[in-house]
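This report refers to the structure that appears directly beneath it.
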Amino acid sequence: MSLAILVVLVLGIGAGFVMPENISAFIDSASSYMLLILLFSVGIDMGLNKEVFTRIKELGFKILLIPFGVVVGSLCGGAFTAFLTNLPVKDGLAISAGLGWYSLSGILITEAGNPVGGTISFLANVFREMLTFIIVPFIASHLNYYCAIAPAGATAMDTTLGIISRNTNATVAVLSFVSGVICTLLVPMLVPVFL
């Protein structure tokens with residue numbers, strides 16, 4: 001499945017080079033509707049599995065451990081990468097605080113007067129999302145289902161929820177959604193802290 005995702009992504013990039021620019025509005029609108037259909041179908045899958053919500057009640061506040069780990073791990077990775085690349089640590093933290101939400105984090109950093117950091121943030125978070133599609137099947141089958149949520153960051157509630165749901169189970173899909181919502185809510189607060 002990972003190879004199929006990579007091939008489709010490469011084909012999409014190739015198609016983007018040859019398509020007329022005026023079709024981009026249609027593609028953007030169509031992809032938004034497809035994302036809504038994907039979320040609806042994942043929701044149906046979750047709703048059919050009644051024991052998922054019982055399991056979530058049992059977990060209680062432990063459910064917050066996953067997004068907490070995602071945030072801490074992302075920030076540690078950003079600080080370490082900044083150190084390796086001689087980037088100021090605060091820039092590395094701001095970039096990684098995007099948690100995969102490339103469209104917002106890049107803009108926040110650019111508008112704060114750091115267009116290079118904004119570009120790096122945009123690219124790093126786009127690559128994070130693309131890498132998630134490729135590595136989730138491997139992580140789910142070789143590590144454990146819960147670890148498959150971490151690479152997605154904020155996208156665990158929308159674009160990468162389908163791949164996580166497909167490679168794990170309904171309980172993990174709900175936890176993924178919750179983690180994605182929490183990470184998404186944190187991005188607009190975390191990025192400015194490090195600017």
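Quick note: numbers below take in every heavy atom, side chains included, and nothing from hydrogens, waters or symmetry partners.
- With sequence neighbours excluded, the residues forming a side-chain contact (heavy atoms from CB on, under 4.5 Å) with Ile63 are Ile56, Leu175, Val178, listed by chain and number.
- For residues 63-111, the pairs satisfying ring pair (Phe, Tyr, Trp, His ring centres under 6.0 Å) are Tyr102-Phe122, with sequence neighbours left out.
- Nearest heavy atoms, Val70 versus Gly153: CG1-CA, 3.8 Å.
- Between Thr168 and Ala148 the shortest heavy-atom distance is CG2-CB, 4.2 Å.
- Closest non-hydrogen pair, Leu87 versus Gly92, comes out as CD2-N, 4.2 Å.
- Linking Ile, Leu, Val, Met, Phe, Trp and Tyr residues whenever their side-chain heavy atoms come within less than 4.5 Å leaves Leu65 and Tyr146 in two separate clusters.
- For Lys90 against Leu195, the heavy-atom pair with the smallest separation is NZ-C, 4.2 Å.
- Between Ile109 and Ile95, the closest side-chain pair of non-hydrogen atoms falls below 4.5 Å.
- One finds the CD1 atom of Ile120 at 11.5 Å from the CG atom of Asn125 (value rounded to the nearest 0.5 Å).
- By the criterion of side-chain heavy atoms lying less than 4.5 angstrom apart, applied directly or through intervening Ile, Leu, Val, Met, Phe, Trp or Tyr residues, Leu143 is not grouped with Val72; the two fall into different hydrophobic clusters.
- Under the 4.5 Å side-chain criterion, counting only non-hydrogen atoms from C-beta, Pro151 is not in contact with Leu131.
- For Thr155 (side chain) and Ala152 (main-chain N/O), a donor-acceptor pair under 3.5 Å exists by modelled atom type.
- One N or O on the side chain of Thr119 and one on the backbone of Pro115 form a donor-acceptor pair closer than 3.5 Å.
- The line from OG1 of Thr159 to CZ of Phe133 is 5.0 Å long, rounded to the nearest 0.5 Å.
- Of all non-hydrogen atoms in Ser176 and Ile149, the two that sit nearest each other are N-CD1, 3.8 Å.
- Expressed to the nearest 0.5 Å, how far CD1 of Ile135 lies from CZ of Arg128 amounts to 9.5 Å.
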Name each donor-acceptor pair under 3.5 Å that joins a side chain in residues 179-187 to protein atoms two or more places apart or in another chain, with its distance.
from	atom 1	to	atom 2	distance (Å)
Thr184	OG1	Ala154	O	3.4
Thr184	OG1	Gly180	O	2.7

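- Hydrophobic clustering, with ILVMFWY side chains joined whenever heavy atoms are under 4.5 angstrom apart, groups Phe61 together with Ile66.
- Linking Ile, Leu, Val, Met, Phe, Trp and Tyr residues whenever their side-chain heavy atoms come within less than 4.5 Å places Val116 and Val191 in a single cluster.
- We find the CZ-CG distance between Phe177 and Asp158 to be 8.5 Å, quoted to the nearest 0.5 Å.
- Between the Ser165 side chain and the Leu161 main chain, no donor and acceptor come within less than 3.5 Å of each other.
- Looking only at distances, no side-chain donor or acceptor of Ser74 sits under 3.5 Å from a matching main-chain atom of Leu99.
- Between atom CG of residue Asn114 and atom CD of residue Glu111 there is a gap of 12.5 Å, rounded to the nearest 0.5 Å.
- Within the 4.5 Å cutoff, side-chain heavy atoms of Ile163 are placed close to those of Arg166.
- Hydrophobic clustering places Val193 together with Leu108 (ILVMFWY residues linked when any side-chain heavy atoms are closer than 4.5 Å, directly or through intermediates).
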